Each structure stands twice: as structure tokens, then as C-alpha cells.
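Since the structure comes first, as C-alpha cells, the remarks are kept for the end.
Residue numbering restarts at 1 for every chain, and letters A, B, ... go by the order of the sequence lines. These figures come from a predicted structure and were not determined experimentally.
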Protein chains: 4
Amino acid sequence: MNDMTQFNDTAPIYLQIMDTIKRRLISEELKPGQQLPSVRQTAEDMRVNPNTVIRSYAELEREGIAEKRRGMGTFITENKAVIENVRNEVSHNLVSDFVSGMNECGFSAADIIALVQKHIENRTECKQENV
Amino acid sequence: MNDMTQFNDTAPIYLQIMDTIKRRLISEELKPGQQLPSVRQTAEDMRVNPNTVIRSYAELEREGIAEKRRGMGTFITENKAVIENVRNEVSHNLVSDFVSGMNECGFSAADIIALVQKHIENRTECKQENV
Amino acid sequence: MNDMTQFNDTAPIYLQIMDTIKRRLISEELKPGQQLPSVRQTAEDMRVNPNTVIRSYAELEREGIAEKRRGMGTFITENKAVIENVRNEVSHNLVSDFVSGMNECGFSAADIIALVQKHIENRTECKQENV
Amino acid sequence: MNDMTQFNDTAPIYLQIMDTIKRRLISEELKPGQQLPSVRQTAEDMRVNPNTVIRSYAELEREGIAEKRRGMGTFITENKAVIENVRNEVSHNLVSDFVSGMNECGFSAADIIALVQKHIENRTECKQENV
DNA sequence: GTGGTCTAGACCACA
DNA sequence: GTGGTCTAGACCACT
């Protein structure tokens, strides 16, 4: 009945929903003041129990990212400082997970930085070639 | 019937199984010459169809990472050069995904490298404090 | 329900399908860049399961002989060097099977070559007579 | 019910059964004077209709290869000249099919002989290495 | 329409 | 036991 195949079991689903929303916010797919889809709609879209969505929205509100307005729905905050914090939090998680993964692969700090630099340089060259 | 909650739907399951094995190989949880769990066992453990596991093992063999021996089982190759390649492949994917993610968050190349460096320094300090 | 009388059980069907296509390619019944019949069509024609055809096409792609284009179909490669290799592979198999068969019949190397030469000479004479 | 998967549809089954017996005769798996398995046994073994086997045995008798003895069964002839003829017939078919196949692959008479010679030389070297 | 993935379950070959 | 092949049929992504 319920797939949830877009989620993994390494983290609670409500955290994964929060993360999805945070990333949409950072990438400006969601903008300050914008209304989030209804709990029911999201639950249906993500094939998840509405209670799970409610919990995600509540946590987002607790973190100051969303605001519930009775009878209106849930909205992204207008407070851009908060959004900036989200950006830092998400990026911190990205960095953290990345460095952990590289360490597990046996790479030293110096290796990691060198590989990132090399990768970015290659990407830049590719873009220039395309120009 | 079938959960598969450890998988997401962004990539084929057989690729995710391959990736899992590659990471176990890099972290030396799996060692050269070691026997992999049987197709049926893996299928049961991962709650996945045996055919899907067979495909993963077949692809691993094609990449030179595993060797199948009829009636004997499937084994990690003894060839350490291949394992080194796996390490490079996996780390390249980690770097690539990381940089893409950071770019989506709006970070420049310089930002990314600075954040990685800062993160590594902090980790190092933490470790020193623990000592 | 299913005949498959055009196949024997000494080799997997997917290999026999591959071989059929390779021979058609060599005899120029199939030409570089040409579209192969769809998986479903071939499966129906050969009275075989689509998965078996998919496997054949996948292997042909892996050998560089075919190229799959999502939603478009499967095509013979334009690369003529690859086709030349196919020609060599198929002819090598023909020679190998032939010599094995003759050995089983108790013919020596010298016998085999003599018989081939004699056969070719006779054929040539036949053709000349027909002219 | 009936597989017959060891046969293909390019030639009548009774001819294929005859060919199988001829090859066994040449390779001395069957010897002059030896009794062939009963029609019923062969039909069961090959998963073929008994009438098909009867036809094969009748044709073998017509060619002088087998002899039916009422109430006794079917036997390979004692006449070694006949066996020699079988050897020539089978080898002729092998040569003929081989040369046709090579021609379809686009090889000239000279190519064919050269490839056979090369293949035999390589095989000989392999054997010598093993010694 | 194309090919891609997966499941369920069958039967086979090898050891 | 092991892996190998095949079928029947489902659902998905791309064009």
C-alpha cells in the first residue's frame, strides 16, 4: 500500500521530509513567505502518514523555518536570517557527511582537500570549454 | 510484503547493492579473496529478489571486483589493483556529489574549499582535546 | 505455449540470439546504424520472453555492437572496426568448431586441410561449369 | 510436455537423430555389431515420438548402417566399409557447412585455408606447451 | 511507442 | 548447497 521508496531507513522519515524542504528553500524552489502544500497533500504526495508530515511541519516551526497560521496553512518564514542559518546547517551536514565518507575510504585531510580542489578545477575547465 | 526500506528509488537497487559492497570493500569489512554471502542469503537479508542480487554480483564480476565460481559461491577478487580503483571510483563519486550539493546550496568553489578546511581543522582540534 | 524450436539447449538462448544478430551483421543483412526490431517484437517473433531479448541486447551493447537509445530503440553501432571484430570472432568460432568436429571424426591436421582444399576446388569447378 | 530442446528446426528431427548416431559411430562410442537402444528407450531419452525414431532406424538400415533383427532389436552393421563411408559423409558435411559459413562471412578460399592452417598450428603449439 | 527494473517462481548445471 | 537461465507479468522513465 505504502511505498515510501524515496526514503531510506537510516534516519526518521520526518527528518528526511524536513531536509527535503530545507533543500528546496536553499535552492530557492521555496521562497520566504511562500505557502507549503497542505499536510494532507504532502502526505499523499510522499505516500506517508499525515501524522509524520505534521511532525515535520511542527519541527520546522520550532526551528523558526515555518509558521503555522490557523485556518490558512503553513508558510515559510519571512525572516531571511533564519534561511541563512538553514543554508549553513545543510551545508555543514554536507561537509560533515562528505568528510566522514572520505575518511572511511582511507583519505587523509590533505587528500580530501586536494581531491576537492582538483575536482573543482576540472569542472571549471569543462565549463570554459563549453563557452 | 517487501520493505526494502534501506533503499531509495533514485537509483536501481542492483546498483545500490553494488555500492554497498564496494564501500564494505574499501572499509576492509570485506577483504580480497573473501566469500560474499550467497545470492539467496543476500536476497533474504536485503528483502530483495534473488535475481536482483544475481545482477549485482554479475556486474561486480564484470567490473573485476568479484569472481563467481559455479557451485562454490562468489568471492572478492584477490587483485588489489582493482580494489584501489574501487577506492578511487567511490571517492570520486563522493567528491562529485558533495560539490554538486554545495553548488545547489549556492556556495562558490572558494567557499566549498574553505568550509572543508574549516571542518577538518575543527575535527582535528576535537580529537586533540579528547587526547 | 512456447516452442522455441529454433533454439537448442546446448547454449543459453540469449547467446543464440546474439549469435543470430552477429551473423546477420556479417552477412550485411543488418547494416551499421540500422535499428534492430524492438525488444517486444523480437520476443514475439522468436517466441521468447522479452527479458531474454533485453539481456541479448544488453550484452550486444556491452560488446560495442549495439547501442540502446531510451525511448528510441536499439541500433547497430556505426563503428565499422567493431563489426570487423565480430567477423573475426564468428569466423574463429566456425574454424574452431569445425576442427574439433573433424578431430572427433578421427581426421589429422593434414587430412583436414586436404579435405577443405579439395572441397573448395570442387566448388570452384562447379561454378565454372555453371558459367 | 515435449521439449525436444536439443533439436533445432532447420532439419527434420529424424535426420538429426541419424546424425547423432552416425557421429557416435565415427567416434567409436558405438561399435560394429553393437545393439542400439530400443526405439521406445530412445524415444523416451530424446523426448521424441517413437515413430520418429522408427523412421531414423529405418533410414539407417536403408543406408546399410544398421540392421534390424526381428525380436532382437537394431544393431550397427559389422561391415567396416560402410562405417568408413559414414565417416566420409559426415566429414564432407562438416567441411561443406564450414566452407559455406565462412563464405557468408566474406572469406575467400585462400582466407579459409589460411585460417584453418593457422588454427591447427596454434592448437599444436598449445599441446606441446602442455607436454 | 521505446527500453529498464523488479518480482515471483520455475528448472538446470556444477560441486 | 552454489550460481545460471528463463518465463510471466508488473510498473517506471523517456520520446
Check your understanding: So do the side chains of D/Ile54 and D/Tyr14 get within less than 4.5 Å of each other, counting heavy atoms only?
Key ->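 Of all side-chain heavy-atom pairs linking D/Tyr14 with D/Ile54, none is under 4.5 Å.
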Point to revise | Side chain proximity check, B/Thr77 to B/Pro32, heavy atoms < 4.5 angstrom | key: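 Not touching, per the 4.5 Å side-chain cut-off.
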Check your understanding: Can we say C/Arg62 and B/Glu59 salt-bridge, meaning some charged N sits less than 4.0 Å from an Asp/Glu carboxylate O?
Key -> yes
Practice item. State plainly whether the residues B/Lys22 and B/Glu89 are in salt-bridge range, i.e. N to O under 4.0 Å. Key: yes
Between protein and nucleotides 3-5 of chain F, what N or O pairs are separated by less than 3.5 Å?
from, atom 1, to, atom 2, distance (Å)
F/dG3, OP1, B/Val39, N, 3.4
F/dG3, OP1, B/Thr74, OG1, 3.4
F/dG3, OP2, B/Val39, N, 3.0
F/dG3, N7, B/Arg40, NH1, 2.9
F/dG3, O6, B/Arg40, NH2, 3.2
F/dG4, OP1, B/Lys68, NZ, 3.3
F/dG4, O4', B/Arg70, NH2, 3.4
F/dT5, OP1, C/Tyr14, OH, 3.3
F/dT5, OP2, C/Arg55, NH1, 3.3
F/dT5, OP2, C/Arg55, NH2, 2.7

Review point. Where does the angle between the aromatic ring planes of B/His92 and A/His119 fall among parallel (under 30°), tilted (30 to 60°) and perpendicular (over 60°)?
Key: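 Plane angle over 60°, so perpendicular.
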**Study point:** CZ/D/Arg23: more than 12 non-hydrogen atoms of other groups inside 6.0 Å
**Key:**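 No, CZ of D/Arg23 has 12 or fewer neighbouring heavy atoms, counting only those of other groups under 6.0 Å.
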Revision key, fill the gap. Every stem of 3 or more Watson-Crick or G-U pairs under 3.5 Å that DNA chain F joins, in order of first number, is E:1-14 with F:1-14
Point to revise | Distance, nearest 0.5 Å, that separates CZ of C/Arg24 from CD1 of C/Ile76 | key: 10.0 Å
Review point. Is it the case that C/Gln41 and C/Asp45 place a side-chain donor and acceptor less than 3.5 Å from each other?
Key: yes
Check your understanding: Roughly how many Å is it from CG in B/Asn49 to P in E/dA10, rounded to a whole number?
Key ->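 After rounding, the gap between these two atoms is 12 Å.
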